[in-house]
Protein chains: 2
Amino acid sequence: MAQKIKLSTIAESLGVSTATVSLALRDSPLVADRTREKIKDQARALGYIYNRRAASLRTSRSGIIGVVVHDIMNPFYAEILRAIESELDRNRQTFILSNHYDSVEKQRTFLETLLQLGSDGVIMSPAIGTPRDDLLLAENNGMPTILIARSVPDIDVPTFRGDDAYGIALATNHLIGLGHRVIAMIGGTDQTSTGRDRYQGYVDALKKAGIEVDPALRIPGPRTKQGGFEAAVNFLSMPQKPTAAVCWNDLVAIGLMNGIQRAGLVPGRDISVTGYDDLEEASIATPALTTVWNGQSEVGRMAARALLDKLAGSHAEDYLHLIKPEMRIRQSTAPLHPR
Amino acid sequence: MAQKIKLSTIAESLGVSTATVSLALRDSPLVADRTREKIKDQARALGYIYNRRAASLRTSRSGIIGVVVHDIMNPFYAEILRAIESELDRNRQTFILSNHYDSVEKQRTFLETLLQLGSDGVIMSPAIGTPRDDLLLAENNGMPTILIARSVPDIDVPTFRGDDAYGIALATNHLIGLGHRVIAMIGGTDQTSTGRDRYQGYVDALKKAGIEVDPALRIPGPRTKQGGFEAAVNFLSMPQKPTAAVCWNDLVAIGLMNGIQRAGLVPGRDISVTGYDDLEEASIATPALTTVWNGQSEVGRMAARALLDKLAGSHAEDYLHLIKPEMRIRQSTAPLHPR
DNA sequence: CTGAAAGCGCTTACAG
DNA sequence: CTGAAAGCGCTTACAG
């Protein structure tokens, strides 16, 4: 590696000042066209690499945005991330990603790293149990925060997520409309706003239809294919003999359908199953999964947009932005008929 | 947000020099125990945030490592990333992630960003068509590079990947051993080292078994579930009536199995299907997928380790590290019997 | 064991 | 339109 090329290297080689070089490279109208051309050519010729650390030390803007979610291996988050990425790319912002795996400590470490790097802002799906103080840590140090997918109670931070209670009611009502009366709820936890809202939406929909709610029909558990797969045995041996399952998300639903098939039954015929999220994968599952579109790409795009707007100085008034979910009816649900 | 706390704020409030504060916070033995305690307490009390940009401007070490892969939404890369993440976390390195979606331009932009941020190194699964010069750009500017999953010809950069020709031969031989003679190859492309190696491994295995190779039995295509799903129609209508399919990867295999089921056939009974990678998902597919373990976690762990060692000054001799794949026999393959 | 001073590579008033 | 100089917040010789 040859000697380091910096602004002053270019300046000296051309007999101009570093101020002029700095302005020229950033296309300032203060610099004469000919000077600018000359400088840019020379920068290219020398293989100059702009030192963002030095610049950001001076400007206190880093061009870095942090993103932290539960787990990027989960396609639900991956779809949100893809939307965030494309929005940030378009605005030439670099993003730094981290999983928190619902560890508040891991999340806090990441927030501290972002502060140390001078990150301009952060988009986060908060870990279960995220304390107010951790969000204040970011805000108080000048790092604007946007929440996605989950809410944190009692704090005024812009939040973008789907309307979970409404969405799960769509799925539950769809099954009730097909004649199902014994409907289990598979997967999920009460520890997140999402979890509470989804269970409540399911309960409310049943009550509204005059169906008695049996808490034993709920099988909480991991929100993964593996989780749904493992719940199948339990589900199939319930004494209440449920004919349908409202699943926490598509992953659980696909896992559950696999488990049902292993037991020799046919999902979509013997048992109706609904998912949640409408992942890209839902439509090519077998049977194609009836599910609820949860607006991942909308959430990602809007959250990124909101952060960029905030950085540009605009002031948003609304703190909670609920995306309206939509039903996607496919082959995994069917009218009730005797088993 | 209160006034910015920096080293000098702490120094002044305690009547010591910034040099002492700097050393104390980094646990230098040069500082007296009592002084260090006092300084650390004060830093905590004031809510001091270490400015890594300033430090790295001085030390020219950023603690940042770049990782770029084709697509983190692909579970194959996600599994590698998880291993990289855990290794880098353990060593308190921050990583910045990017997808290149096989765009050489997007990849180059990312490499330039990393250079501008003073990234200490980069781990990359090179985009199709990555030119030598792009890798040299990194190396020549003092950013060590490690390749994963794919090779770039004619360049001496440490590379960690599975032995594709060997692995695909395992799958092909497994099917031949079950009596299959008309075996299709589904998915993939000739544009990557992986693609060429896998096709060659399949061809060689057939030849070795005395089976004539029919190029029409190959259906190249996207390496996704969707790709496998869409290939099913084509596959099932082949005049040669293949009884088995060697798939490019697990995603293609799972998609193909879904497509086969949609057509009313039973994968693992009517048609044997092998995958590649042994994703977490392979074992819970229905039928459980016979596949080839491709060592994602090994690749990630070893690549991260190699980069950290290189940063620590050690000199590796070997450039190509091939992980030996292993057969995982499950229910998607069965002895040949008349259709 | 501690302090004064220089310097990492930029950008930004300010002067001309 | 261009230049000289200060300063962003650290770390690192060097001196004491």
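Worth saying up front: this structure is predicted, and the values here are computed from it rather than measured.
- Among the heavy atoms of the strands lying under 4.0 Å from B:T35 are primed sugar atoms or P, OP1, OP2 only; no base atom is included.
- Spacing between atom CG of A:L25 and atom C1' of C:dG9 amounts to 13 Å, rounded to whole angstrom units.
- Comparing A:I49 and B:L30 by the nucleotide of DNA chain C that holds the closest heavy atom to each, the one mapping nearer the 5' end is B:L30.
- In this structure, B:I10 places its CD1 atom 13 Å from P of D:dG9, rounding to the nearest Å.
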Problem set entry | Annotated protein contacts, base or backbone, on nucleotides 11-16 of chain C with a non-hydrogen cut-off under 4.0 Å, one of B, S, - each | BB----

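- To the nearest angstrom, P of C:dC1 lies 8 Å from CG of B:D33.
- Across all strands shown, A:G118 has no heavy atoms under 4.0 Å from either base or sugar-phosphate atoms.
- With respect to the salt-bridge test (charged N to carboxylate O, under 4.0 angstrom), the residues A:R301 and A:E298 qualify.
- The nearest whole Å value for the distance from the CG atom in A:N51 to the P atom in D:dC8 is 18 Å.
- How far CD of A:E79 is from CD of A:E280: 4.5 Å, rounded to the nearest 0.5 Å.
- Note: CG (B:L57) to P (D:dG7) measures 17 Å, nearest angstrom.
- In this model, the phosphate group of D:dT2 is not approached by any side-chain N or O of A:T20 to a distance below 4.0 Å at OP1 or OP2.
- A donor and an acceptor atom, one from each side chain of B:S86 and B:R82, are nowhere located under 3.5 Å apart.
- Taking atom CD of residue B:E37 and atom P of nucleotide C:dC1, one finds them 14 Å apart after rounding to whole Å.
- When each of B:V69, B:I148, B:L111 is checked for a side chain to side chain contact (heavy atoms under 4.5 Å, CB included) with B:M124, only B:L111 meets the rule.
- Following rounding to the nearest Å, B:I39 (CD1) and D:dC10 (P) show an atom-to-atom distance of 13 Å.
- Between A:H321 and A:F160, the ring planes are parallel. Angles under 30° get that label, and only those over 60° would be called perpendicular.
- Between A:R61 and A:D120 a salt bridge is recorded (basic side-chain N to carboxylate O distance below 4.0 Å).
- Each of A:N99, A:L97, A:I96, A:V67 was checked for a side chain to side chain contact (heavy atoms under 4.5 Å, CB included) with A:F110, and the lone residue meeting it is A:I96.
- Rounded to whole Å, atom C1' of D:dG7 lies 14 Å from atom CZ of B:R53.
- A:S151 and A:S193 make their closest contact through N-OG, 3.2 Å (heavy atoms, listed as atom of the first residue, atom of the second, distance).
- Scanning DNA chain C for stems, defined as runs of 3 or more consecutive Watson-Crick or G-U wobble pairs whose donor-acceptor distances all fall under 3.5 Å, gives the following ranges: C:1-3 with D:14-16, C:5-12 with D:5-12, C:14-16 with D:1-3.
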For residues 42-54 of chain B, dump all side-chain donor-acceptor pairs below 3.5 Å to protein atoms at least two apart in sequence or in another chain.
| unit_1 | atom_1 | unit_2 | atom_2 | d |
| --- | --- | --- | --- | --- |
| B:Q42 | NE2 | B:S13 | OG | 2.8 |
| B:R44 | NH2 | B:D41 | OD1 | 3.2 |
| B:N51 | OD1 | B:R53 | N | 3.0 |
| B:N51 | OD1 | B:A54 | N | 3.0 |
| B:R52 | NH2 | B:S62 | O | 3.4 |
| B:R52 | NH2 | B:T94 | OG1 | 3.1 |
| B:R53 | NH1 | A:S56 | O | 3.2 |
| B:R53 | NH1 | A:S56 | OG | 2.9 |

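- Among the heavy atoms of the strands, none lies under 4.0 Å from B:S60.
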